[in-house]
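Before any comments, here is the structure.
Numbers for residues simply follow the sequence, beginning at 1. Counting starts at 1 for both ligands and their atoms, following the listed order.
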Amino acid sequence: MRILLVEDDPLLGEGIQTALRRAAVAVDWLTDGAAALAALRDGGFDVVVLDLGLPRLDGLSVIRAARAAGVTTPVLVLTARDRVADRVQALDLGADDYLGKPFDPDELLARIRALHRRASGQAQPQLGREPLLLDPVNFGVRWHGRPVDLPRREFALLRALLEQEGRIVGREALQQRLYGWDDDVASNSLVVHVHHLRRKLDPALIRTVRGVGYSLVLPAAAP
Ligand code: CA
């Protein structure tokens, strides 16, 4: 999952970014509304977490302009507890949810997951199908009924591939899902993560499409 975080308070932004990354969510963090609108128009985000009081362009204007431009990315607005009018206006302009500051990082994560789930049309929090099932809430993986323990980045990679099951996912798209803009990405780290997944699950599960990316192919369902 890839999140756009727009928050001009450095301490709060840092805290949210850390909490999300700990949960294996890729975060791009911007601190002003105009840059946020440009990034939203470019696309590629699953959810945007948007502060309302922002330099250059306030959050409400970002929502209005983004929706007018046809951007459908779910928006979770961060507001001060006592600003009811702001929340109402944000929701009316096309925000999908809001959270009052201060908030618990776990609640933020849960709401992000719920928005992502709703946007991708899933009622169930479980992803995949037999023999590969992922539980994005607890980072649990079951392969042929056997629990497999994966570090967060390997889990995020497996999830990104599973969401596009049977399709080729480009290396760059995978790297974007795994890391934020300012992460130092070793060029071979994706190869290493794929290698680990093959070893822990099945060598045939993830196919390399030379020069392009990877494709996860589940065995055909039993008749
Ligand atoms: Ca602010």
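Around the Ca ion (ligand 1), the protein contributes the following N, O or S atoms at distances under 3.0 Å: Asp8 OD1, Asp51 OD2, Gly53 O.
A donor-acceptor pair under 3.5 Å links the side-chain atoms of Arg198 to the main chain of Ile206, judged by distance alone.
Salt bridge absent: Glu154 and Arg199 never bring a charged side-chain N and a carboxylate O closer than 4.0 Å. Classification of Asp97 and Arg111 as a salt-bridged pair holds, one side-chain N sitting under 4.0 Å from a carboxylate O.
Applying the under-4.5 Å side-chain rule to Ile, Leu, Val, Met, Phe, Trp and Tyr, the cluster around Leu11 consists of that residue alone.
Geometric assessment of Arg171 against the ring of Tyr214 yields a negative cation-pi assignment under the 6.0 Å and 45° thresholds.
Leu109 CG to Ile3 CD1: the interatomic distance, rounded to the nearest 0.5 Å, is 8.5 Å.
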